[in-house]
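Input: a single structure, listed below in structure tokens.
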Amino acid sequence: MPYDLSDKLVIGISSRALFDLETENAIYTEQGVDAYAHYQRAHENDALQPGTAFPLVKALLQLNELIPGRRLVEVVVISRNTPDTGLRAFNAIAAHKLDISRAAFTGGAATAPYLQPFKIDLFLSRDTGDVQEAIDAGVAAAQLYEAPLDYSAPDNQIRIAFDGDAVLFSPESERIFAEKGLEAFARHEQRNRKKAMKEGPFAKLLLALSAIQKQFPPKECPVRIAIVTARNSPAHQRVIHTLRTWNVNVDEAFFLGGLNKAEILQAFGAHMFFDDQEGHVQKAAVVVPSGRVPYKGGSLEAMRVGRVRAGKG
């Protein structure tokens, strides 16, 4: 019978997000594809060091060891490499003893068309264009920043942190803030405090993680979820009511009202943090692995600029 991915959390990841391939990427950018291919073949048995998403992927795969006979997570390498140059990634997967056996090597073609066939719930890449195409195709995706120095992943628990608006929730409220200002935003959220927000690009991922949490007794759950948002009281009320409507219980929530998110994320010990604003991701990426979630179609770029100028985020 065909293997079924529909009942699992499926992570698609580029080889550069999983491993540190910045030297190789520089060769590709500066010298071209032939020099890159030659270098990869010449070094295909050399060890690759972990990349930004490595701690998260390793921790997620360990979930498969916790329930006998049940796989909760699958990871698929989705790469623009050719099958030939992609051999190095699989050699590194074997060297690091990662339980990954599936891959799509597109030989330079777009990766987005293959995300749906692999039932990808989350796509992680260092490439801005590939992530934008994934978001436009309706797949949760994030452009990962360089791994932080001296980062140490928490033991025996997976910790994932999300921004709220335009990540977990739709950008509707963000748009009101950008177009009409903070007071209009506050009035809108107060009027709609008991009305659930629409799903954002990462809502389905949150629901999938919540479903995994429900497989374990609360005190023994290996997955811990936090929302780290610039909202504060009373705008926090709509977040709580939305989560209730979705039947999701997050473990921690931080309503910061404009405070720096990085210190909170470091204290939380996130394996990964997802935010839509470049400024927040840049600061967070210094202390925890982080990824930026682009707006669909890039159509809300002006909204992001407006938020930064107004000091919201």
Side-chain angles (χ1 to χ4, degrees), residues 112 122-123 128-143 145 160-207 225-246 248 250 253-262 264-265 273-284 290-313:
L122 172 65
F123 177 60
T128 305
D130 286 348
V131 170
Q132 185 67 62
E133 289 177 1
I135 286 285
D136 292 345
V139 177
Q143 176 203 352
Y145 284 39
I160 303 177
F162 300 92
D163 180 33
D165 296 289
V167 178
L168 293 178
F169 314 124
S170 81
E172 173 190 350
S173 298
E174 301 255 299
R175 186 178 290 109
I176 290 172
F177 175 86
E179 295 175 354
K180 300 181 180 179
L182 181 58
E183 291 185 4
F185 166 83
R187 288 194 301 270
H188 178 269
E189 295 307 291
Q190 183 64 16
R191 285 196 304 268
N192 293 279
R193 61 188 180 277
K194 293 187 178 181
K195 181 180 179 181
M197 288 179 276
K198 296 178 181 178
E199 293 184 357
F202 274 56
K204 291 180 180 178
L205 175 62
L206 176 65
L207 294 171
I225 300 170
I227 293 179
V228 183
T229 173
R231 284 176 178 251
N232 55 8
S233 179
H236 76 290
Q237 295 178 70
R238 197 173 184 198
V239 173
I240 302 302
H241 285 291
T242 299
L243 295 175
R244 287 177 179 175
T245 300
W246 293 359
V248 169
V250 299
F254 304 92
F255 301 98
L256 300 182
L259 296 176
N260 187 357
K261 296 181 179 182
I264 294 294
L265 292 163
F273 171 58
F274 299 108
D275 199 301
D276 61 303
Q277 286 198 60
E278 184 175 2
H280 288 314
V281 179
Q282 286 177 337
K283 292 177 182 177
S290 302
R292 184 179 68 84
V293 181
Y295 298 114
K296 193 169 186 178
S299 60
L300 298 181
E301 183 66 27
M303 186 176 76
R304 181 194 297 125
V305 173
R307 291 174 67 208
V308 171
R309 287 176 179 171
K312 182 180 182 292

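All residue numbers in this chain count up from 1 along the given sequence.
In terms of heavy atoms, Phe123 sits closest to Asp130 at CE2-O, 4.0 Å. The shortest non-hydrogen separation linking Arg292 to Pro294 is O-CD, 3.4 Å. Residues Ala112 and Ala134 approach most closely at CB-N, 4.2 Å, considering heavy atoms. Shown here for Leu168 and Ala203, the closest heavy-atom pair between the two residues is O-CB, 3.5 Å. Nearest heavy atom pair, residue Ala161 against residue Leu265, reads CB-CD2, 3.5 Å. Contact record, Arg193 with His241: O-CD2, 3.0 Å, taken as the closest heavy-atom pair.
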What's the verdict on side chain to side chain contact (heavy atoms under 4.5 Å, CB included) for Met197 and Thr245, showing C-alpha distance, side-chain angles and the deciding distance?
CA-CA 9 Å; Met197 288 179 276; Thr245 300; over 6 Å; no

Going through the distances and angles, do Thr229 and Phe169 end up as a side chain to side chain contact (heavy atoms under 4.5 Å, CB included)?
CA-CA 11 Å; Thr229 173; Phe169 314 124; over 6 Å; no

Would you sort out whether Gln277 and Asp163 count as a side chain to side chain contact (heavy atoms under 4.5 Å, CB included), showing the intermediate values?
CA-CA 9 Å; Gln277 286 198 60; Asp163 180 33; 5.9 Å; no

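Taking 4.5 Å as the limit, every side-chain heavy atom of Phe202 sits out of range of all side-chain heavy atoms of Ile160.
Here Lys261 contributes atom NZ and Phe254 contributes atom CZ; the two are 12.0 Å apart, rounded to the nearest 0.5 Å. Here Tyr145 contributes atom OH and Glu278 contributes atom CD; the two are 4.0 Å apart, rounded to the nearest 0.5 Å. Note that CZ of Phe255 is 6.5 Å distant from CD1 of Ile227, once rounded to the nearest 0.5 Å. Note that NZ of Lys194 is 8.5 Å distant from CD of Gln237, once rounded to the nearest 0.5 Å.
For Arg238 (side chain) and Lys195 (main-chain N/O), a donor-acceptor pair under 3.5 Å exists by modelled atom type. Side chain of Gln132 to backbone of Tyr295: a donor-acceptor contact under 3.5 angstrom is found. Side-chain atoms of Asp136 come within 3.5 Å of backbone N or O of Gly297 as a donor-acceptor pair.
For the salt bridge (charged side-chain N to carboxylate O under 4.0 Å, His left out) criterion with Asp165, the lone passing option out of Arg175, Lys198, Arg231 is Arg231. A side-chain contact (heavy atoms from CB on, under 4.5 Å) with Phe162 holds for exactly one of Leu205, Val250, Asp275, Val228; it is Leu205.
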